[in-house]
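Worksheet: one structure, shown below.
Below, chain A is the first sequence line, B the second, and so on; all start at residue 1.
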There are 2 protein chains.
Amino acid sequence: MKGIDQRVEAFEDQLRKAGLRMTQQRRLILRVLAQADDHPDAKGIFTRAFAHDPTLSLSTVYRTMKVLETQGAIERHAFEDGVSRYEHADQAHHDHLIDIETGAVVEFSSPEIEALQAKIAAELGYEIVRHRLELYGRKTRPARRKGVRKDA
Amino acid sequence: MKGIDQRVEAFEDQLRKAGLRMTQQRRLILRVLAQADDHPDAKGIFTRAFAHDPTLSLSTVYRTMKVLETQGAIERHAFEDGVSRYEHADQAHHDHLIDIETGAVVEFSSPEIEALQAKIAAELGYEIVRHRLELYGRKTRPARRKGVRKDA
DNA sequence: ATGCAGTTGCAAACGATTTGCGATAAATGC
DNA sequence: GCATTTATCGCAAATCGTTTGCAACTGCAT
């Protein structure tokens with residue numbers, strides 16, 4: 001497991017360079033995000049962080065998420081229900097498969113699909129700046145144990 | 001081009017079978033949707049319909065969109081800004097490419113991508129129920145001509 | 001025509017997110 | 001360390017898109 005503290009420190013420098021400050025609440029929220037293995041929304045992050053600092057406010061979470069996003073420290077996704085969910089951005093690009101029964105989110109990536117997207121866009125006279133690909137499905141049978149790679 | 005009136009009539013039957021009613025406002029909204037070549041949101045639909053019936057209310061638009069959606073008469077999409085946009089569903093499945101500069105929406109479809117999606121889901125032990133694929137991009141500049149250079 | 005739902009318009013309620021404001025606390029300089 | 005500047009915080013109020021309770025209304029089946 002990579003050092004959370006190191007990442008927080010690195011981010012602290014990044015903030016300073018932008019004329020921003022590393023506050024206790026930002027540190028706390030960063031830590032919560034680094035430890036999350038799911039895709040929590042603002043309220044979820046707030047709840048977890050609030051347990052460590054009962055003075056934290058929800059608006060600070062929202063404001064912090066915005067800062068972290070513009071700093072490139074996290075990614076924001078809005079799935080079907082419309083609420084923003086966050087995940088920290090130190091991982092490779094990937095898309096999401098959402099279990100419509102449990103709400104579980106599985107990450108995956110497909111260079112082939114990316115290539116096709118670029119090709120399609122080019123044919124339409126566009127270059128892709130970003131994209132959103134979400135699969136909504138339900139479990140068929142237990143996934144095979146071998147040969148299945150879900151990059152997380 | 002299929003007749004709008006015919007589609008409205010067909011839908012009227014469909015509604016009746018579901019124990020629902022074809023009201024003036026639903027007729028009007030359907031007409032507005034059938035004539036739309038873009039992906040208007042509730043307010044946009046309301047504005048256009050309101051011009052023909054100043055007694056119409058925005059909540060009726062929302063309620064109608066919900067009815068139309070569950071009846072399969074329209075599709076609802078929520079792009080990056082989060083607001084629901086609608087298009088009527090008498091066309092083949094397609095995904096969307098959104099021009100991040102103009103907001104224009106281009107439709108496209110790719111059987112190859114669909115196939116890949118199914119394959120990926122299967123590998124993860126899932127079957128796809130629906131998906132969302134949106135490309136956000138900008139128009140590529142037309143190829144430069146010799147000696148002609150537009151500085152930006 | 002009559003009557004029972006399904007529908008409507010209106011305003012109030014909603015839930016997620018944002019923002020104005022005075023108070024607080026990080027950086028910076030001394 | 002200690003003061004100074006100003007980014008940030010907590011809180012409550014404000015937005016915004018969308019939903020809903022309710023009383024009046026209107027399809028439409030009989």
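Comparing Arg85(B) and Val61(A) against DNA chain D, the residue whose closest nucleotide sits nearer the 5' end is Val61(A). Taking the nucleotide of DNA chain C with the nearest heavy atom to each of Ser57(B) and Arg21(B), the more 5' of the two is matched to Arg21(B).
Distance CD (Gln71(B)) to P (dT7(C)): 10 Å, rounded to an integer number of Å. Distance CG (Leu56(A)) to P (dT8(D)): 15 Å, rounded to an integer number of Å. For Ile29(A) and dT8(D), the CD1 to P distance is 12 Å, given to the nearest whole Å. Atoms NZ (Lys17(A)) and P (dA27(C)) sit 14 Å apart, rounded to a whole Å. dT6(D) atom P lies 17 Å from atom CZ of Arg16(A), rounded to whole Å. Atom-to-atom, NZ of Lys66(A) to C1' of dA16(C) comes out at 12 Å; the value is rounded to the nearest Å. Atom pair Glu69(A):CD and dT18(C):P shows a separation of 10 Å (rounding to whole Å applied). Distance, Arg76(A) CZ to dA16(C) C1': 12 Å, rounded to whole Å.
Of the candidate nucleotides dG10(D), dA7(D), dT8(C), dT8(C) has the atom nearest to the side chain of Thr60(B).
Look at Ser59(A) and you won't find any side-chain N or O under 4.0 angstrom from OP1 or OP2 of dC11(D). Between Gln24(A) and dC9(D) there is no side-chain N or O to OP1 or OP2 distance below 4.0 Å. Contact between the side-chain N/O atoms of Gln25(B) and the OP1/OP2 oxygens of dT26(D) is not found at any separation under 4.0 Å. Residue Tyr62(B) places at least one side-chain N or O closer than 4.0 Å to OP1 or OP2 of dT18(D).
Across all strands, Thr23(B) comes closer than 4.0 Å only to sugar-phosphate atoms, never to a base (heavy-atom distances). Among the heavy atoms of the strands lying under 4.0 Å from Arg63(B) is at least one base atom, whether or not backbone atoms are also near. Residue Arg26(B) is classed as a sugar-phosphate contact, given heavy-atom separations below 4.0 Å to backbone atoms only.
Glu107(A) has its side chain within reach of His39(A): a pair of non-hydrogen atoms, C-beta onward, lies under 4.5 Å apart. Between Lys66(A) and Arg76(A), the closest side-chain pair of non-hydrogen atoms is not below 4.5 Å. Proximity of Arg31(B) to His52(B): side-chain heavy atoms (C-beta onward) are nowhere separated by under 4.5 Å. Leu97(A) has its side chain out of reach of Val105(A): every pair of non-hydrogen atoms, C-beta onward, lies at least 4.5 Å apart.
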- Task: Would you sort out whether His96(A) and Glu87(A) count as a side chain to side chain contact (heavy atoms under 4.5 Å, CB included), showing the intermediate values?
- Result: CA-CA 12 Å; His96(A) 300 92; Glu87(A) 66 179 319; 3.1 Å; yes

